[in-house]
Structure formats: structure tokens, C-alpha cells
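Note sheet for the following structure.
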Amino acid sequence: MSEQKLQSQTVQTTGHAWDGDLQEYNNPLPVWWVYTFYATVIFSIVYWVIYPSWPIGKDWIGGMSKITYVNSEGETKTHSWNTRALLLQDLNKAAAEQKPYFDKVSGMSYAQIAQDPEMNAFILSAGRALFADNCAPCHQAGGQGVVGFFPNLTDDDWLYGGSYDEIHQTLMIGRRGYMPAFGEVLNGDQIDQLANYVAKLSGSGHDAAKAAAGDALFHSETAACFYCHGDDAKGRKDLGAPNLTDNIWLWADVPGASGDEGKIAAIRGVIAGGLNKGVMPAWAGRLSPEQIKVLTVYVHELGGGQ
Amino acid sequence: MNLNFKHEWIETNIGLMAVLTMLAISVGGLVEIAPLFFIDKTVEKVEGVRPYTPLEQRGRDIYIREGCYTCHSQMIRPFRDEKLRYGHYSLAAESQYDHPFQWGSKRTGPDLARVGGKYSNQWQVQHLVAPRSMVPESVMPNYPWLLTTKLDISDTAARMKALRKVGVPYSLTQAELDANIEKFGETVAKQLHIPDAQKNLVEQANFGNYDGDRSGISEMDALVAYLQVLGTMVDFSKYADDAFVGNR
């Protein structure tokens, strides 16, 4: 009670009285608070002057802070502060740091890169990040692919070729393998014979008589398999038609099938149904030429480069 | 005029207090948002951005229904790491026909603003049905029903009409169609014509065969059509890398 009385003597009330005697103290704000408040007001004014702030009609005040960058045309430009200009400046800086490497990458031939240990280390680290972001969702983190979906990039079996130039071309323009469905053109026996022949080519168990008939069909105008897969059935890189003699399978899940009959059934499925789902996207518009070159070497180094 | 203002007026009149409080707190929003409607550089002038076709729009509805936005943003910020990972930063113009926009801020999964064309349809389908069969370490849920659920196309036109009300230039009349032909070219404009909505949807789904199954139009067809168009409308090779700096 006595304390309250004391306070009522030193602190003024707001002057209102409700319900007859209900009054409200008017305690001043702490000094530190008031000064912090003034400081924020001053800060905001400084901020307006430095950074983009007030709208004026159809434009706005750009502020005094400027950002200088070099654009893709090689022109040096200055713009009032904003995050887009800042990004370009940041990219310029990063490019300057990586320039020695990327200059080297674009200036060197593939063979030179492969022999230079320092470049190799660079390709490995830059390539791994690029591969993880863009390729791993399909070809898997190690490049081993998924049977039935995406080719293995670590073996030395290539649909479109494993030389630097061929890999580069694959990345630039993308690929889309196409094989017609033979389910309606050929009858069940013929497809079975062809499947036995393909099984024989890759050294799987097969029926010799059926395989011999399949051999003839394979090289006949009726089925015309030889046209795409080649007379020797070793494939044609320009069409992405695989080598059928190497027992490496992408579409027909031969390794996963049990027993000779299962393996032949898997091959029959591909011949009857055809293939039109192997879509490798094009990266020319998405990645820079240097990035694609790094990836080319990276894929080549994954194991099977030729 | 009596300028002898007293706080007491406000403090003793709850109605007046509510109105004035509302005015005070709306100032912040007005000052930040209203000028954007007058500054003509807010939305970049780029070629190629168009409203979604009926099929893509239905895919977008499914994207929202399934809550994909709870894990995926669609807004590439102008930072170096984002440019390297996702591509060119998002433009305001690219979401001008999005209602509501899907910018988001939660990224349990990657940003999807430019996922269009990055993967094949087959990958998208397989990844939605069973993400871990494509990306072993993924935490994304399986969405197998998208493939087995037939797309409900009965209300396609009504949905487009609703979007038209909020400013998406889908056309109802011949005059509007003509205006769209002027603006987007004939092929696109025809896709945006509401009276042909169902026909256009069916045609695009059959032609694109996004889910790899020709027997019918599934929700997967629509969703993949939508994912494949994300971020692909503007051809950035036509613009210098600083073409949009002046817009901010």
C-alpha cells in the first residue's frame, strides 16, 4: 500500500478516469528503447538512400549503391543495387576463379585432359556434382543405370558410341532409340525363332532348330533386323541399335529372368512390343558448353570410354 | 474547426478504434504492394509465356490436390548455387497466369520451376509411381493411383471459366479468340478456347501419351504434361544474361 502511494506521487497518470476512480499511470518508455527507436528511424533513411526504395510514378528510386558486372556480350555495366545484378557480379567472380580451369578445359583436347592429373582431379569433382544434379536420377549415382530404363554408362558397351565425340554428341542433342513392334508383322512362331536366335548370339541356352530359322529371318527382308542391328548383329551406333552378341542387356531383362525359357520370353517381349521409350534428354540448352565437356570426360572416365 | 484532438475519443469508441487500427496496419501492405501495380517493369516483357492448356491446367489442379507444393517450390532465386542447380532465375512474367502461384518456400525436394524437359515422360511416370526405384535415397511419397485413376474431364470448361474470371485470358467469344490469335499465335490460341476445352484436352493427351498407356486419359497424363511444360515457355537464349536486371 505504502509503495503504491509512493509511486502515485512520482508517476503521473494519463488524466483519464473511468468508472469514477479507475486511473492509468503514464510511465515513460525506457531511455534505451527510445534511442533505439530513433536509431532505427535514422537507419531506415540511410537505407532508402543506399538501396532501391520509394516508388515514383512508374519507376522507383534506385539508390546510391551500384553494382558493376560484365554481361554475356562482354560489356561492362553498372546498375543500381538489386539481386539480379548481384547474381551477375557473383557469377563474374566465380567465373574468374574457375576461368583458369574452364579455359583449360575448352582449350585442351580430350586426350590432353585425360593425361593431365590436375585436370583429371578437376573433372572428377566438377563432373561428379554435375552428374549428381542432372544425370543420376536416371543413370543412378554411379552411372550403373537401371535395366529396362536407363543404360549403364560404366561398361564398355555403347548404344551410340563411347568415344569422346560420340558421348559429346549424345549429351548435346539427346537420344531416342526406336525399334518397331513386330507383334503384328510376324507371327508367334517367327518371333519365338528370332528370340532363340538372339539368345544364341549372346550365348544363352536356346533351341538350335528355332535359332537357325531365326537366323534366316533376322537376315531376311521380312523381319529386316539386320538393317538396324547389322549383318553381324553387333549393332549400329548411328541408330542406337545395340550389339546383340555381348550378353549385355538394357531392355530385355535377360539377366533377371530365370531359366532359358524365361530369358527367351524376355527377348520375345521386346521383339513383339518394339521400343520407343528410351529417351535421353538434350542438354545443349540446359548446360553450358564447358559443363557438357566436363561431363563428356567424366562419363568417358566412368569406365568404358573408347 | 475544432483541432483539439483527444485520444479519449478513440479509446472510448471501440468501433472507431477498430477502423483506425485496420487503417494503420494496412499501410504497410499498401506501401509495399500497391506500387507494383503501377510500375510497368514489375512483369518482364518476354515472349512465349502463355496460359496452360486444358490438360496442363488439369495437371496443375492435381499437383495442388496432391500437395506437391508442401515439398516443392517453383521459384528459382537469383543466387549462383540456384542458377547452377536449377537454371535461369524465375521471372515474374513466368507465373503471370498462375492462380494461385506455386512459388512456395518449402524445399524438402528440389525446386520444380524448370523441371520441364529435364527428364523423359517415362522417368516422370516411374518416379511418381515409385520414386525410390529411380532415386534410391528419395523420401518422396509414392503416387501409384495417378496412373490408375481416370482423369475427370467433365468440368474442364467450368474450371477455365473460373480462371478467366480472375484474369487468365482463356477465350469464350470469337472476338476473344481473335485477340488471343494476335497475342499467342493460332496454335496456342485455339488451345485456350473454352468451348473446345474437352476436345483440346483429349487431343493433347492422346497425342502426347504422357503416361505411356494409350487406353485412356489418366491423372498421370495431366500431371506429367504439366511438369513437362514448367519453365520451358521462355527461350532464354534469345535474351542477354542481363536483359532482366532493369526490372528490379
Side-chain angles (χ1 to χ4, degrees), chain A residues 14-16 18 24 52 54-60 62 67 69-73 75 77 79-95 129-130 132-134 136-141 146 148-150 174 176 276-288 291, chain B residues 6-8 11-12 31-32 34-42 44 77-89 91 110 114-127 131 133-138 209 212 231-232 235-237 239-248:
Chain A
T14 51
H16 313 279
W18 283 278
E24 197 183 354
W54 292 101
I56 308 176
K58 294 186 166 184
D59 213 331
W60 63 86
I67 289 177
Y69 59 84
V70 183
N71 72 4
S72 49
E73 253 90 275
E75 302 157 321
K77 291 211 174 163
H79 200 278
S80 56
W81 191 97
N82 73 45
T83 48
R84 292 177 175 184
L86 203 61
L87 168 70
L88 289 171
Q89 193 187 48
D90 192 21
L91 288 172
N92 287 163
K93 253 192 242 151
L130 281 169
D133 279 350
N134 299 293
C138 289
H139 294 286
Q140 307 298 290
V146 182
F149 290 96
F150 311 112
R176 173 160 203 162
N276 191 16
K277 51 188 180 179
V279 181
M280 159 76 182
W283 298 90
R286 226 169 230 285
L287 301 174
S288 73
Q291 287 176 315
Chain B
K6 281 207 186 106
H7 257 285
E8 206 172 335
E11 291 181 17
T12 53
V31 167
E32 283 192 51
L36 295 178
F37 290 99
F38 301 104
I39 294 173
D40 55 4
K41 285 193 279 188
T42 307
E44 304 85 353
R77 297 170 293 176
F79 302 146
R80 182 155 69 96
D81 54 332
E82 302 220 352
K83 182 191 156 63
L84 291 176
R85 173 71 174 82
Y86 302 121
H88 198 288
Y89 52 77
L91 301 180
R114 290 200 196 290
V115 83
K118 186 179 178 199
Y119 303 118
S120 56
N121 295 346
Q122 189 205 13
W123 185 90
Q124 292 288 4
V125 172
Q126 186 60 31
H127 180 257
S133 69
M134 296 284 104
V135 183
E137 62 276 25
S138 180
N209 188 22
T232 61
D235 178 0
F236 284 98
S237 68
Y239 300 92
D241 62 356
D242 62 344
F244 309 110
V245 166
N247 292 86
R248 288 294 176 273

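Small disclaimer: the values here were computed from a predicted structure and weren't measured. Letters go in sequence order (proteins before strands), and every chain restarts at 1.
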Checked Val146(A), Thr83(A), Leu287(A) vs chain B; the most non-hydrogen pairs under 4.5 Å come from Thr83(A)
Is it the backbone or the side chain of Thr12(B) that comes under 4.5 Å from a heavy atom of chain A, or both, or neither?
-> side chain
Applying a strict 4.5 Å limit to non-hydrogen atoms, the region of Asn276(A) in contact with chain B is neither
Given a strict heavy-atom distance threshold of 4.5 Å, which part of Glu137(B) is in contact with chain A: side chain, backbone, both, or neither?
-> neither
Please determine, among Pro55(A), Ser72(A), Ala282(A), Ala136(A), the option with the most heavy-atom pairs under 4.5 Å with chain B.
-> Ser72(A)
Of all of Arg286(A), Glu73(A), Met280(A), which one pairs up most often with chain B through heavy atoms under 4.5 Å apart?
-> Arg286(A)
Options His88(B), His127(B), Glu44(B), ranked by heavy-atom pairs under 4.5 Å with chain A, top entry = Glu44(B)
Heavy-atom proximity to chain A below 4.5 Å, by part of Asp235(B) | neither
Under 4.5 Å from any heavy atom of chain A - which part of Glu82(B) | neither
Chain A contact via Phe38(B) - which portion, at a heavy-atom distance below 4.5 Å | both
Taking the six-membered ring of Trp60(A), is the NZ or CZ of Lys41(B) close enough (under 6.0 Å from the centre) and on axis enough (within 45°)?
-> yes
Specify which of Ala129(A), Ala94(A), Gly285(A) makes the most heavy-atom pairs with chain B at under 4.5 Å.
-> Ala94(A)
Let me know if Phe244(B) has heavy atoms under 4.5 Å from chain A in its side chain, its backbone, both or neither.
-> both
Measure Val125(B) against the heavy atoms of chain A and call it side chain, backbone, both or neither at under 4.5 Å.
-> neither
